[in-house]
Asks: 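Below is one structure. I have some questions about it.
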There are 2 protein chains.
Amino acid sequence: MRERDVMVTRTRFDDSECPVARSVDAIGDWWSLLIVRDAFDGSRRFGEFQRSLGVAKNILTARLRALVAGGVLESVPASDGSAYREYVLTPKGKALFPVIVALRQWGEQNFFAPGEPHSQLVDRRQGHRLRVLEVLSADGRRLNPDDTTVHKISTQ
Amino acid sequence: MRERDVMVTRTRFDDSECPVARSVDAIGDWWSLLIVRDAFDGSRRFGEFQRSLGVAKNILTARLRALVAGGVLESVPASDGSAYREYVLTPKGKALFPVIVALRQWGEQNFFAPGEPHSQLVDRRQGHRLRVLEVLSADGRRLNPDDTTVHKISTQ
DNA sequence: CGGCATCCGATCGGATACTG
DNA sequence: CAGTATCCGATCGGATGCCG
């Protein structure tokens, strides 16, 4: 049974001229994003994702398959020699790192009371927190949303 | 009719210890994220969002309400003196800027052929493209995903 | 124009059982 | 352990109509 043949009524954005929309479309849903987060955190096995997320197995199967099909994850033979597969980030998947970090920092700043414990992303070398992401102009100025504008269409 | 009283079976993450999960939960869904994108691009009116997104009005109503309730958008009297409302980003909403920029850059890099036109975010002053977001350590080193690790729980 | 109310099919996701 | 298969209620979202 094929898959891409079905008529999907869910609105697609994969032909949008907006890169944000295409990204959103490619990731698929929030579960997928949390799977990617777990992959960054070191999860590789089906069961790891399943326990971490508490998602139903059939859902997880579908999401993993979609992420593999979308080139975000790659399915490789299990490193322990078992008959199973492991799911690792492709370069394209690793390129989602700033997205995850941005969401993490937004969450830290807005949804945790001061002192409330939460998981934290640190650099391996020194164990320190990361610097807050900054949006910069080509010449290095910090840009706020109001300092930017959208060119509706631009060739490259 | 109240709203928060309903038993939501959809898995919630608003009590997760992971900031990414709380962010995901707070935004709600992809529609909401695209609404936020439009807000960054200058949309303020119901009809602007509606035309831009092509979303059903009842859905848009619900999403706008949720974003206002979540403190991402604020509903203010229309600037043209009409009886209607406009929806503008709160500071918390504006703090989503890096998230949108990260998604935009990921989309640009992965879902557009070279030379394929797409909307583009530029700085107002010079009209140049933005710098690619970088994840940095506290002391300014560029960090790849492998250079980081997650501390499961950390008190602030 | 900016919503709200309603209907309805499609999809989602949780649960469960089964396989190797 | 790693899925696959199936069921089923809940939710989503598109369409439509109405109202100020």
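In what follows, chains are A, B, ... by sequence order, proteins preceding strands, each numbered from 1.
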Asks: Any ring pair (Phe, Tyr, Trp, His ring centres under 6.0 Å) involving residues 31-70 of chain A? Give me the pairs, sequence neighbours left out, ordered by first then second residue.
Replies: A:Trp31-B:Phe13, A:Phe40-A:Phe97
Asks: Taking only heavy atoms on the protein side, list every residue of residues 37-60 of chain B lying under 4.0 Å from any atom of DNA chain C, sorted numerically.
Replies: B:Arg45, B:Phe46, B:Gly47, B:Lys57, B:Asn58
Asks: Taking only residues two or more places apart in sequence, or in another chain, which ones meet A:Ser137 in a side-chain hydrogen bond (donor to acceptor under 3.5 Å, both in side chains)?
Replies: A:Asp139
Asks: Report the distance from atom CD of B:Glu86 to atom C1' of C:dC1, rounded to the nearest whole Å.
Replies: 13 Å
Asks: Apply side-chain hydrogen bond (donor to acceptor under 3.5 Å, both in side chains) to A:Thr90 and list each qualifying residue two or more places apart in sequence or on a separate chain.
Replies: none
Asks: Could you pull out all residues at least two apart from B:Ser32 that satisfy side-chain hydrogen bond (donor to acceptor under 3.5 Å, both in side chains)?
Replies: B:Asp29
Asks: Starting from A:Val76, walk the hydrophobic network (Ile, Leu, Val, Met, Phe, Trp, Tyr; side-chain heavy atoms closer than 4.5 Å) and list everyone else you reach, by chain and number.
Replies: A:Val88
Asks: Can you list everything that forms a side-chain hydrogen bond (donor to acceptor under 3.5 Å, both in side chains) with B:Ser43? Sequence neighbours excluded, please.
Replies: none
Asks: Once you round it to whole Å, what is the distance between C1' of C:dC4 and CG of B:Leu64?
Replies: 14 Å
Asks: Please indicate whether A:Lys94 has more than 12 foreign heavy atoms, meaning atoms of other residues, nucleotides or ligands, lying under 6.0 Å from its NZ.
Replies: no
Asks: How would you list, by chain and number, every residue that makes a salt bridge (Lys or Arg N to Asp or Glu O under 4.0 Å) with A:Arg37, sequence neighbours excluded?
Replies: none
Asks: Just to be sure I understand: a Watson-Crick pair is purine N1 to pyrimidine N3 plus N6-O4 or O6-N4, both under 3.5 Å. Using that and G-U wobbles, which stems of three or more pairs involve DNA chain D?
Replies: C:2-20 with D:1-19
